[in-house]
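Before I ask anything, let me first share the structure, which is written out below as structure tokens.
In what follows, every heavy atom counts, from backbone to side chain, and hydrogens, waters and symmetry copies are set aside. For reference, positions follow the sequence shown, starting with 1.
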Amino acid sequence: MSAFADTSVPDSELSPSDRSRRSFLRGAGLLGVGLAGAGGATGALQAVTQGPAAATPPPAGGGQFLWSAGDHHTHTKYSAGSDAPYRVDQHVTAAARYGLGWLVVTDHGGALHQKFGLHQSLADVKLSRAQNPDMLVFQGMEWNVPAGEHCTMFVAPGSNEATVLTEFEALFDSAINGTRPSSPANEAKAVEAVRWLGAQVRAGRVDMGLTVLNHPSRAGAYAPSELRAMRDADPSVAIGMEGAPGHQAAGLPTSVGGAGGGRGGYGGGPGADSFAGYPAESYSTFGGFDWLTAKVGGVWDSMLAEGLPYWVTATSDSHRVFGDTWEYGGAPTAEGVYPDPVFTRTPIAGRGDYWPGQYSRTHLGLRDFSYLSVMKALRAGRIWVDHGQLIDSLDVSVGGSRRHPRGTLGEVVTASRGDSVEVSVRIGLPTRPNHNGDTPRPRRVDLIAGPVTGAVADRNTLTAPQTRVVKSFEVSQRTGTVELTYRFRKVDEPFYLRLRGTDGRFSATGSIEPRLDPAGAVDPWTDLWFYSNPVFVAVEGRKPFNNQHWNATRG
């Protein structure tokens, strides 16, 4: 019997790969229940992966919303090149098994994908929708951005779903039209794409369309001015970026079957199309998060300091799962036939991904459990993200005097001049082991805040120098709900605030900031963080927020 299936072997003595596989079996209720008679532990894993998706309704959360975790960045056999082996139903099954309520299929674009793969994928997505009513499955694509890199793009299900996706790919995918190199004309093409998608919504062809930039600083492909230009082109479409990229197992050492690279697939350096203003450290992750997000007072904060909505997410970017046994079935034929993956009995070394929901989660506050509600929550910024199931829930409430209603993530609340603005936070601690068999807990929560200073003169601004950690809360509680409170006293100018938390195992030397992840030497389960999206505070009598942008987020 394999070590991970032998219940006499404690979790602490297993490799990271075997811990992950044991966790999968434990979550499926298959650990120690006659695996040998079912073809061994590997056979049981195969059955779980291939079986029907578990009915897992989204978990309830605090406040007025239904909180549901999901993933907007996954890959299947329909991706361009030998990119990913999986069928759509395998990702849907895994997502359900790991507690997600929504999923976006985002295969890489290109001529063959546009002609064949997208339509075949959508047929599989529609079948999964019919078979898994407790999982909201979107069809999207990983758009090859002109003058950039990659971006999740997806639309609401409907009669024009395939048509709009196909047209978008043909018009704006850089792998089809040769617009990848950095140039003013290609940057303008990316902006045109955002506007085009917004126009399809306004014309009634689709109910909604969204874009989220993926692994934004991995190649330094987006200058801050490009981030701002795409956001400003249509804030109802270009809503944000991955705060934490996928490929979180990519930093595991080769000695345990890992890829031995940079966490998130990061760790390279600038190229011919990279923005020259980024420092060398920007090409690495910090506690698993992209440098644009992780650096307090950095690029993300510089955009928030403009007083405009721009949100972060966390995804699996699942191509090839660490410790998995499914291999790529082969390239599609000239007629567009995509072979199914091939099952092997030996885990394949060198893979750097997790299944959707296994490690990374994007939590959304939904009005109801529906496709449009998921998209509206993303657009509105009712989002918090975590790694390794560090916390179960996060409820944030912000408000001043009783004259003004309180608000939560992604909202603008109003305070009178001289008010005290109270931040109330409730954190649900984990009630069960995570998918690595550990029971994590946050040991520190940081409240980060900075003034809203308005539009920047230099569109390539990298910093918000007045943004800082205003309070760090040490957490000693191990179970139940942690309640934290902080007051901003006598407020006179608009500002924003956001939260992050950590299990506290690793930080930069002499600092509370996340450490730069060392290449080939990171067990991601030992360095866990959560991040919230911001809450903005407007002050009566001061310059109002940009209504054009904020109106675009509502609904």
Under the ring pair (Phe, Tyr, Trp, His ring centres under 6.0 Å) rule, what pairs show up with a residue in residues 229-259, not counting sequence neighbours?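 For residues 229-259: H247-H319.
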
Would the distance check show the side chain of S318 and the main-chain N or O of Y354 forming a donor-acceptor pair, the cut-off being under 3.5 Å?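 It does hold such a pair.
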
If you measure from CG on L136 to CE on M375, what distance do you get to the nearest 0.5 Å?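 If I round to the nearest 0.5 Å, the distance is 11.5 Å.
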
How about V385 and S360: do any of their side-chain heavy atoms sit closer than 4.5 Å?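 Of all side-chain heavy-atom pairs linking S360 with V385, none is under 4.5 Å.
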
When the ring planes of H387 and F289 are compared, do they come out parallel, tilted or perpendicular, using 30° and 60° as the limits?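 Tilted, since the angle between the ring planes falls between 30° and 60°.
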
Lys/Arg-Asp/Glu bridge criterion (N-O < 4.0 Å) met for E187, R228: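 No, no charged N to carboxylate O under 4.0 Å.
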
Can you see whether H91 engages T74 through a side-chain donor-acceptor pair at a distance of less than 3.5 angstrom?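 Note: H91 and T74 side chains miss the donor-acceptor criterion.
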
Residue pair W300 / D290, side-chain heavy-atom distance below 4.5 Å: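 Sidechains of D290 and W300: no contact.
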
R379 (side chain) donor-acceptor with A552 (main chain) under 3.5 angstrom: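 Pair found, side chain donor or acceptor close to backbone of A552.
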
Classify the ring geometry between W67 and F65 as parallel (under 30°), tilted (30 to 60°) or perpendicular (over 60°).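 Ring orientation of W67 relative to F65: perpendicular.
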
Please verify the inter-ring angle class for F168 with W143; under 30° counts as parallel, over 60° as perpendicular, anything in between as tilted.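 It falls in the perpendicular class, over 60°.
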
Looking at W102 and S68, would you say the former's side chain and the latter's main chain have a donor-acceptor pair under 3.5 Å?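 Checked: pair present.
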
What I'd like to find out is whether the side chain of D124 reaches to under 4.5 Å of the side chain of R87, using heavy atoms alone.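 Counting from C-beta outward, D124 and R87 never come under 4.5 Å.
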
Sidechain N-carboxylate O distance under 4.0 Å for E242, R218: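 Judged by the 4.0 Å cut-off on N to carboxylate O distance, E242 and R218 do not form a salt bridge.
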
With a 4.5 Å heavy-atom cut-off, do D83 and D107 have their side chains touching?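 Not in contact.
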
Intermediate values then yes/no, side-chain contact (heavy atoms from CB on, under 4.5 Å), D207 and Y371: CA-CA 10 Å; D207 288 333; Y371 286 94; over 6 Å; no

State, without any angle test, whether S316 and Q358 hold a side-chain donor-acceptor pair at a distance under 3.5 Å.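 Their side chains do not contain a donor-acceptor pair, so the 3.5 Å distance test is not met.
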
Is it the case that H75 and D317 place a side-chain donor and acceptor less than 3.5 Å from each other?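 A pair is found: one side chain offers a donor N or O, the other an acceptor, under 3.5 Å apart.
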
Tell me whether S274 contacts the main-chain N or O of G271 through its side chain, where contact means a donor paired with an acceptor under 3.5 Å.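 Yes, because the side chain of S274 sits within donor-acceptor range (under 3.5 Å) of the backbone of G271.
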
Is there a side-chain contact between Y86 and V321 (heavy atoms, below 4.5 Å)?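 Yes, at least one pair of side-chain atoms sits under 4.5 Å.
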
What is the ring orientation for Y531 with W529, classed by angle as parallel under 30°, tilted 30 to 60°, or perpendicular over 60°?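 The rings of Y531 and W529 sit tilted, inter-plane angle from 30° to 60°.
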
Does any non-hydrogen side-chain atom of W525 lie less than 4.5 Å from one of Q389?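 Yes, at least one pair of side-chain atoms sits under 4.5 Å.
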
Carboxylate-amine/guanidinium contact E226 R459, below 4.0 Å: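 So E226 does not pair with R459 through a salt bridge.
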
Taking atom CD of E169 and atom CD of E142, what is their separation to the nearest 0.5 Å?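 Interatomic distance, E169 CD to E142 CD, rounded to 0.5 Å: 11.5 Å.
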
Does a salt bridge link R202 with D234, judged by any charged N lying under 4.0 Å from a carboxylate O?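 Here R202 pairs with D234 in a salt bridge, since their nearest N and O are under 4.0 Å apart.
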
Does H72 form a side chain to side chain donor-acceptor pair (under 3.5 Å) with T313? I'd like the steps, not just the answer. CA-CA 9 Å; H72 68 72; T313 61; 2.8 Å; yes

Which heavy atom of V191 sits nearest a heavy atom of M230, and at what distance?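 Closest approach of V191 to M230, heavy atoms only: CG2-N, 4.3 Å.
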
Verify side chain to side chain donor-acceptor pair (under 3.5 Å) between S128 and D89, making sure each step is shown before the conclusion. CA-CA 6 Å; S128 288; D89 68 283; over 6 Å; no

May I ask you to decide if G260's main-chain N or O and T254's side chain share a donor-acceptor pair within less than 3.5 Å?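 Checked: no pair found.
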
Do E149 side-chain atoms and V145 backbone N/O form a donor-acceptor pair below 3.5 Å?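 Pair absent, no side-chain N/O of E149 close to backbone of V145.
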
Do the side chains of E192 and R195 get close enough for a salt bridge, i.e. N-O under 4.0 angstrom?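 No, E192 and R195 are not salt-bridged.
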
Using only heavy-atom distances, determine whether the side chains of H119 and T166 contain a donor-acceptor pair under 3.5 Å.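 Looking only at side-chain atoms, T166 and H119 do form a donor-acceptor pair, the distance falling under 3.5 Å.
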
Checking side-chain polar atoms at under 3.5 Å, does D517 have a donor or acceptor matched by the opposite partner on Y266?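 Judged by distance alone, the side chains do not pair up.
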
